[in-house]
Structures are given as C-alpha cells and as structure tokens.
Amino acid sequence: MAFRTLRHPLINFCYGHPLLNAFHVGKAVTRKHCIHRVVLPQCATHLTTHEGGAIQIPYTCKTRCKSQQQCHRKLCSQTQSNEASKSSWVYDANFTPELDLQGFEDNFSEIANNVNHRKGDADVHHILQLWKTVQKLKKEYWEKINDVAQLKAHSSSTSNSNLKELEKSNEMLQRLGAEIEGKEHELYQCAAMLPNRTHPQVPLEEDAEPTLIKLVGTKPNFDFPIKNHIDLGEDLDILRIKHLGHITGHRSYYLKGAGAQLEEALVQYTLDRLLAKGFKMISVPDIVKPVPFEGCGMRTKGLHTQVYKIDADRHPGGYCLSGTAEVGIAGYFMDRTFELGELPQKVAAVSRCFRAETSGLSEARGLYRVHQFTKVEMFAVVADEHGDESETIFQEFHQIQRDLFTELGLHFQILDMPAHDLGAPAYRKFDMEAWMPARKAYGEISSTSNCTDYQSRRLKIKYKTSSGDTRFVHTLNGTACAVPRMIIAILESFQQPNRTIVIPKALQPYMYGESLITKPKRKALIHTRL
C-alpha cells in the first residue's frame, strides 16, 4: 500500500497509514477530525510506525471536517512550508517571526562580532545556550518517540501492562514537549533582538564616523546677520512655537498662513515626483498594534522607546501611535505571499508621525525634534532572486532623495552610516543632512535603509520564486520629505536682508505662484498666553 507523507519541521505524518487509529494512548482521534494547526509536540496522542520509522501526530482540533479529503487538504496547507521556515515556531500568540537560527552555532563568532559592532543588546551567549538546550531536548524527545514506537511495533497485544507503559511514556513526552515549547519560546524572544547582518562596505570601528559619499550644492553666503527658523517664523507670523505649555506641552508647534501652505506644498511637490517614478500611494492608519512595530525593529517597551502607547486600561490591545508610515505599510504587507511577477512593490504614504522625543540639547529646539509632524515615506518590497534586487532599489531611493533636495536648491551631504548608527533592521543606511545656517551645522533631513529580510522574517512577507518555492522578500524604506526639517532648511537658507523668504522655484507652483514669503499685512493671529 502506498502512503502519502506530509513533511513538517518536527513531524513526519503519513496520511492513510493502516495503523493510524489501530492503537492510541489517552484521547481517541479519527481521520474525520480537522487538524487546523500543527503545533509543537506537547500531546503525543498517536504513536505508530511507517517503514521502520517513528511517526508522531500532535494536533489542535476544534471542529470536524465534512470529509477525509478536506481534512487532508487543510493539514497539507499547514505543513507545506519551505526550508526557511523550519526554525520558525509560534512563540507568542500575536507575533510569530520566522527567524533563521540553523547556522547560529556554526557562525557564533561572526554573529557576536556583528552585535558588538552595532551596539546591540542581544545576549548572544544566552541565545547559544538556549539553542543547545533546545537541540538536546529535541534529541531526547525523538529518542523517546523511537523507544515507544519500537515497543509498539513489537507488541502483539494491547494488555494492561502495555497500555500503562505507553501511558507513562506519553506523560513523559508531554513533559518534554512542554519544556521544548517553553525553551523555544524564550529562544525566539531573545533571538528577535539580534540585529540584521551588516553590508561589507559599512565602517565597523567603534569610533567610526559616517563616510561622506557626496556633497551636493554649495553653502549659502550671507552679508547680513541671519536669524534662526524660530525667529524668522515668528517675525513672518507663519510659525508659533512659544507659549504652548498650556495647550500641547513642549516640542509642539503651529504652522500658520504661508507656513501651513509651505507644508502642503512640500508634500504635493514630493508626491508628484514619486508618482512619476512609479510609486503607488497608500493611506495608512496611525493607530497600530505592537506586532508591526516589533516586526519593523522598533521597540514598544523599555526605557528608550519613542513609541506613544494608548491607555491599555481603557483601550485593551496594546495600541500605539505610529512614528512613521513604515509601520503601517509593513503591517499592510504582513502575512502575505507575492507572486514573483508582482514584485517590486513601491508605495508612498503621507502620514502624521508621533514620537516621544526626549532630547534636551539646544540644537533640538524649534522644529528640529518634535512630537508630531508630517512625513512622506517611501517603502519597497522586492524579490531576492539574484541577490542584488534590494541593492538596486536602495540606490534608486537614494537617487530620488538626492533629486528631490537638489531641485529645491538645498546644500546637503550624503553619508554612509557606520555599524553603530544603523539600528537593528538596517543592512545599510544612507543619511542626507542639509546645511542649516543658523545652527552652523548639518541636520538630518532624510535617510534610506535596506532591511533585506529582517522585517519580512518577523512579519512573514514572502514571495514565490521562479522555481516555485517560497522565499522571504527584502524590504526598504526611505524618507522622501520630513516636513519640519525641510522647513528649517528652506527658511534659514533662503532668508533675505528684509526678512522675507525666497520660495524655491520648484515649490512656487504649489504656493499659488508666490515667489516670496512676506509678513502678512493683516493683523497677526492673537493667541492666549499664560
């Protein structure tokens, strides 16, 4: 008789085996039961043999299928996974990353050095210890499975002594399975803290400075005393930052008149150029659960998190305010498998961003570091067929950013960031810093990151390869326009002796044809002051 064998990372299940229900320990199960989800072995309810090997069938069953064929289809859909998912396991009810830990022990030194170079907080020694413990427990588990299978194969009767011995073995298997599940849960919780791999051209030294790739444009020269963006904005009555403690607290602002128009102009200017480059627009939610945050590599817990959380006592679910559209976009794509022909996917989103900034440095005053702002984000999902697709999109994002800021007439520098400045998700990251005259320094206005499969493994975003297998996609993100910092650069770079602001020519069509920002002739808006 021919048997169909379905493969699972820890389970070989032979459907249609003649001994499937011939002998059972504990709870009886028939073929009519629907196996909804294959889980870590913790209830070895059936033990049988096939071609001399041990077969164990853990299961979760809630309803019954209408037919044996339906049951087979459902089990098959859950067990046909690719090799990359073999190290994946459900270690949290709401967050199920598929991390590649198969080579962790063999590549331990390389991984440990990478964590050290990137100032990561993952405990690699603890992860290695957990990995060895899990492998040892699995070995014991399968040895016990084989012992029981041999006992069953040579049993000629279902005597009480045999039943008791098998029940005892089943209890031991349950304990081992539960222990494996607990240790794997801890292992993957710890391993999720590991940073991405690092591009070979990224500087690794502890004190490494960003590598200057290019200076674009020239610094503006002034033959008069210049003002910072705060004073300019208040003089022109387009910005209010002071006296907001009784309204919003610190690190907030109002844009008024031409200031609000400038914000909308920057957004529309950016979108027009992104749409011309083949991007599709997407509108994303600002309130998101923690899973997409964590999947993107952004911590929602801990002392250093910049994530705002909604009161869980009144609104259960762990909801958070998104600090970037990247989170919402990544969440949109999670748990999805693309056809190869659907990639790459390039999307752009305009969103409000919420960040719990805590810097007390003087250079962070004004619009530079605020709790809420508008940003245009680029995001891409690409295949990994040849190993260079994400690098191509990375360079494309970089060129788009460069063109956007060049057309506005800004002076800026492009930096290749060192390992200790990358953050956990990025394989490589370019920053663009515009010259801000009043600060007498460059300030970051944009960045673009190639995250390879870091985010896709944590959010289970895959695609079907040309050979029909499934593989994790690569994801990239980049800031096309962070409005407050763009306003800083424009106000300070294009100020005139009479305190007007020359509007960059590229923005004038979006500013109703105006070429200057001047102080309004009407009376300024009156605001309360405590």
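One is the number of the first residue; the rest follow in order along the sequence. These values consider heavy atoms only, across backbone and side chains, with no hydrogens, waters or symmetry-generated copies.
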Expected output: side-chain Ser390 to main-chain Thr452 donor-acceptor under 3.5 Å: no

Side-chain (Gln455) to main-chain (Gly295) donor-acceptor, under 3.5 angstrom: no

For Glu98, the option from Lys462, Arg457, Arg471, Arg458 that meets salt bridge (charged side-chain N to carboxylate O under 4.0 Å, His left out): Lys462

Between CD on residue Glu444 and CE on residue Met417, distance to nearest 0.5 Å: 7.0 Å

Expected output: side-chain Asn196 to main-chain Cys451 donor-acceptor under 3.5 Å: yes

Residue pair Cys353 / Gly323: nearest heavy atoms and the distance that separates them: CB-O, 3.1 Å

Intermediate values then yes/no, side chain to side chain donor-acceptor pair (under 3.5 Å), Tyr463 and Glu342: CA-CA 9 Å; Tyr463 75 98; Glu342 296 180 290; over 6 Å; no

Close side-chain approach of Arg175 to Glu171, heavy-atom, < 4.5 Å: yes

Expected output: side-chain Asn114 to main-chain Glu110 donor-acceptor under 3.5 Å: no

Geometric cation-pi criterion, Arg352 with Phe354: 6.0 Å, 45°: no

Ile287, CD1 atom: more than 12 neighbouring heavy atoms under 6.0 Å: no

Parallel, tilted or perpendicular: ring planes of His371 versus Tyr308, cut at 30 and 60 degrees: perpendicular

Worked verdict on Leu459 versus Asp335 for side chain to side chain contact (heavy atoms under 4.5 Å, CB included): CA-CA 6 Å; Leu459 296 173; Asp335 285 323; over 6 Å; no

Heavy-atom side-chain proximity of Lys309 to Lys301 below 4.5 angstrom: yes

CA sep, side-chain torsions, deciding dist, call: Lys138, Glu184, side chain to side chain contact (heavy atoms under 4.5 Å, CB included): CA-CA 11 Å; Lys138 286 181 179 179; Glu184 282 208 325; 2.8 Å; yes

Working for side chain to side chain contact (heavy atoms under 4.5 Å, CB included), residues Phe430 and Gln401: CA-CA 10 Å; Phe430 284 176; Gln401 293 167 325; 5.7 Å; no

Salt bridge (Lys or Arg N to Asp or Glu O under 4.0 Å) between Lys375 and Glu326, intermediate numbers included: CA-CA 11 Å; Lys375 180 162 69 80; Glu326 173 190 348; over 6 Å; no

Rounded distance [0.5 Å steps], NZ in Lys464 versus CG in Leu340: 11.5 Å

Spatial distance of atom CZ (Phe104) from atom CG (Leu194) [nearest 0.5 Å]: 5.5 Å

Separation between CG of Leu422 and OG of Ser447, rounded to the nearest 0.5 Å: 10.5 Å

Candidate pair Gln399 and Gln395, rule side chain to side chain donor-acceptor pair (under 3.5 Å), full reasoning: CA-CA 6 Å; Gln399 188 61 51; Gln395 295 297 336; over 6 Å; no

Sidechain-backbone polar pair: His386 side chain, Asp388 backbone, donor-acceptor under 3.5 Å: no

Side chains of Glu206 and His420 in contact at under 4.5 Å (non-hydrogen atoms): no

Pairwise distance CZ(Phe338) to CD(Gln345) - rounded to 0.5 angstrom: 4.5 Å

Heavy-atom donor-acceptor pair, Lys144 side chain to Leu173 backbone, under 3.5 Å: no

Derivation of the side chain to side chain donor-acceptor pair (under 3.5 Å) call for Glu385 and Ser466: CA-CA 8 Å; Glu385 290 288 281; Ser466 55; 2.9 Å; yes

Check: Ser351 and Glu377 side chains under 4.5 Å, non-hydrogen atoms: no

Closest contact, heavy atoms only, Arg118 versus Ala426: NH2-O, 2.6 Å

Passing candidate, side-chain contact (heavy atoms from CB on, under 4.5 Å) with Phe397, options Thr392, Asn477, Asn450, Leu476: Leu476

Check: Lys183 side chain, Leu137 main-chain N or O, donor-acceptor pair, under 3.5 Å: no

Side chains of His117 and Thr198 in contact at under 4.5 Å (non-hydrogen atoms): no

Minimal non-hydrogen separation, Phe293 against Cys320, with atom names: CE1-CB, 3.5 Å

Arg299 vs Glu294 side-chain heavy atoms within contact, under 4.5 Å: yes

CD (Glu209) with more than 12 external heavy atoms under 6.0 Å: no

Residues Glu105, Gln135; criterion side chain to side chain donor-acceptor pair (under 3.5 Å); working and verdict: CA-CA 11 Å; Glu105 186 173 359; Gln135 302 313 305; over 6 Å; no

Sub-4.5 Å side-chain heavy-atom contact between Thr470 and Thr465: no

Main-chain N/O of Ala112 paired with Asn116 side-chain donor or acceptor, under 3.5 Å: no

Euclidean distance, His474 NE2 relative to Tyr427 OH, rounded to 0.5 Å: 9.0 Å

Matching residue for Ile127 among Ile111, Val115, Leu187 - test: side-chain contact (heavy atoms from CB on, under 4.5 Å): Leu187

Enclosure of Lys289 NZ (heavy-atom neighbours >12, cutoff 6.0 Å): no

N/O donor-acceptor pair under 3.5 Å between Glu389 side chain and Gly387 backbone: yes

Contact summary for Thr324 and Ser322, nearest pair of heavy atoms: O-OG, 2.6 Å

Derivation and outcome, side chain to side chain contact (heavy atoms under 4.5 Å, CB included), residues Asp384 and Phe472: CA-CA 8 Å; Asp384 183 30; Phe472 290 99; over 6 Å; no

Heavy-atom closest pair, residues Val382 and Leu343: C-CD1, 4.0 Å

Which atom of Lys346 lies closest to which atom of Ala380, heavy atoms considered: CG-CB, 4.2 Å

Side chain proximity check, Tyr141 to Glu179, heavy atoms < 4.5 angstrom: no

